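Below you'll find the structure, written out as structure tokens, and then a few comments.
Quick note on labels: first sequence line is chain A, next is B, and so on, each numbered from 1. Just so we're clear, the structure is a prediction, and the values are computed from it rather than from any experiment.
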Number of protein chains: 2
Amino acid sequence: MSLKTLEKSLQVLEFFTSEKPKWKLRELARELEINHSIVYRILSTFERSGYIYQNKDSKEYELGLKFLEFSRIMDDNLKITELLEPIMSELTNQSEESVVFTILDDFYGLYFKITESHQNVRFAESIGRRSPLYIGASHRTILAFLPVEVQEEVYQMGKESGHPATSDHQSFFDKLQVIRDQGWLFSSGETFPDVSAVSVPIFDSQHRVIASLSIAGPSYRLTESAATEKIDLLFESKYKVQRFSSKLSFPVKRPEMLATESH
Amino acid sequence: MSLKTLEKSLQVLEFFTSEKPKWKLRELARELEINHSIVYRILSTFERSGYIYQNKDSKEYELGLKFLEFSRIMDDNLKITELLEPIMSELTNQSEESVVFTILDDFYGLYFKITESHQNVRFAESIGRRSPLYIGASHRTILAFLPVEVQEEVYQMGKESGHPATSDHQSFFDKLQVIRDQGWLFSSGETFPDVSAVSVPIFDSQHRVIASLSIAGPSYRLTESAATEKIDLLFESKYKVQRFSSKLSFPVKRPEMLATESH
DNA sequence: ATTTAGTGGTTCTTAAATAGAACCGTTGTT
DNA sequence: AACAACGGTTCTATTTAAGAACCACTAAAT
């Protein structure tokens, strides 16, 4: 069905995170609970192709330049960004806040494109950041329009990680219902402290949710009432995006349930 | 020695370029001259982990969001950029032109960081672009300080690709000598038409070349004499970079000769 | 209508690659 | 001087992948 060697190798890459970007060989092997010679072969193969870089003094391994290269190729390829850019820039100008486009990626949301207000905190460095769907307006707005089984799964993920948003099952699902009813969501300080955002879902031509569009800003300025005033602008942009999104394909990975226990 | 399955899988990824970012399964298999079921297994394994995205309508494969994610992790990790940033920004302000930091990556140079002059053409989108060392001031400046065997190899690469810079062996190597003698290089329109640049090499603590630092701008403004006037500024920045580079490790991949025929 | 050639995806058995224990030589500690 | 830990290497039993043949499907050509 799939290539086990490749699969395992890619799992190894997942351990190179922002929190732990550098690994010594045996340290990583212990963490993975596999023989260090296997890890060695994987890392050195990656290294030969530039996906992994090894500091020859400290012997530590880290991510290689290949990812920079491929990320540029992606940008070139995604004409989406060209079409998104003017719409988002306009919304930034009108709303005087930063605008964030979050894309659905399995059980996660990924900050795909950000246009920054000049009077704002720096968000742009978050591009490419992936976090679970239970957290933040931009993410929960997407979750609200996914199948209930996925919502349950995501809720469980949050529960297991101990995240406060998933402390009460009833209120979590009630809030998702609110998003579906009013078509948007405002939230404060969920993803970043002192940052608030208001989000709307983006659908493809088959009315499946694929992303969300958000206005984000510092909580002291972007209060709930300030955000509410900007909702009309946000909806205008949403429709503009949806108009062209029907013609383009976003690299969206829809979540798949491995096993459905109920009938 | 190395994992053949992984190696082959990574070779498949290399075919997703800016020029040809989307492939149909059998089309790619033909190009690779391997059985399509092998390519299928590779691509679908990559897809399950987000490295490859398949458009479910057109069935075409392209690069996945994983590369965006890893590229962000790299940025977080590379404190280099934090240290490089102020030096490069200052040089941009002083020189009133864009500044480019090019890193050595095997037989190639890769645009690693760019600070843009406000009065300038857009370079930033080139970050992550990798091109052979025979082309352009930023690249040839690095090449000049690499072993002569590597220079010969690179010259051959250029020859085979028919690039004009490598039409005459003697003059190619003479120019490299000039770079070593004067410590910098000016060139016009080599990488981008109507763009000129002046470059200096960056060495690590063991005096091995690892990168180059360049001032780049439109040829009508950054003439050879204009560039010459900025060389002092460029050298100042070069030394600032080298002062901290001794303490940090750049993810530089040094070229390795597979076989040296001559003694 | 029917053949033909193409597509993405799947299956099976032979043939090839990998796993992982045991092993280097080196380095730093006790 | 003994010990432990390191990155890296080697060898063969065991696992995995290769790739021809095969689907079901689509589009074009007859």
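Rounded to whole angstrom, the span from the CG atom of L3(B) across to the C1' atom of dT16(D) amounts to 12 Å. When rounded to the nearest whole Å, the span between NZ of K56(A) and P of dG7(D) equals 13 Å. Summarising the geometry, the separation between OH on Y40(B) and P on dT7(C) is reported as 16 Å, rounded to the nearest angstrom. For E33(B) and dA18(D), the CD to C1' distance is 17 Å, given to the nearest whole Å. At whole-Å resolution of the value, CG in L25(B) and C1' in dT26(D) are 16 Å apart. Going from atom CD1 of I38(B) over to atom P of dA21(D) covers 14 Å, rounded to whole Å. Between the NZ atom of K8(A) and the C1' atom of dG20(C) there is a distance of 10 Å, rounded to whole Å. What separates CG of L28(A) from P of dC6(D) is a distance of 12 Å, to the nearest Å.
Note: F16(A) and F46(A) fail the aromatic proximity criterion, with ring centroids not under 6.0 Å apart. Between Y51(B) and F67(B), the distance from one ring center to the other falls under 6.0 angstrom. Ring to ring, H139(B) and Y111(B) are close: their centroids are under 6.0 angstrom apart.
Judged purely by distance below 3.5 Å, without hydrogens or angles, the side chains of Y53(B) and E62(B) never pair a donor atom with an acceptor atom. Checking R72(B) against S18(A) by side-chain atom types alone, a donor-acceptor pair falls below 3.5 Å.
Counting only heavy atoms from C-beta on, S37(B) has its side chain closest to dT10(C) among dT7(C), dT10(C), dA19(C). Distances from the side chain of K24(A) to the nucleotides dA19(C), dG9(C), dG7(D) place dG7(D) closest. Looking at the side chain of T5(B), the nearest of the listed nucleotides dG8(C), dA17(D), dT9(D) is dA17(D). Closest to the side chain of R41(B), from the set dG19(D), dT10(D), dG9(C), is dG19(D).
When heavy atoms are screened at a 4.0 angstrom cut-off, Q54(B) is found touching the sugar-phosphate backbone but no base atom.
Nearer the 5' end of DNA chain D, as judged by each residue's closest nucleotide, is the contact made by I34(B), out of R26(B) and I34(B). With the nearest nucleotide of DNA chain D identified for both N35(A) and R30(A), R30(A) has the one nearer the 5' end.
Within 3.5 Å, a donor on the side chain of H36(B) pairs with an acceptor on the base of dG9(C), or the reverse.
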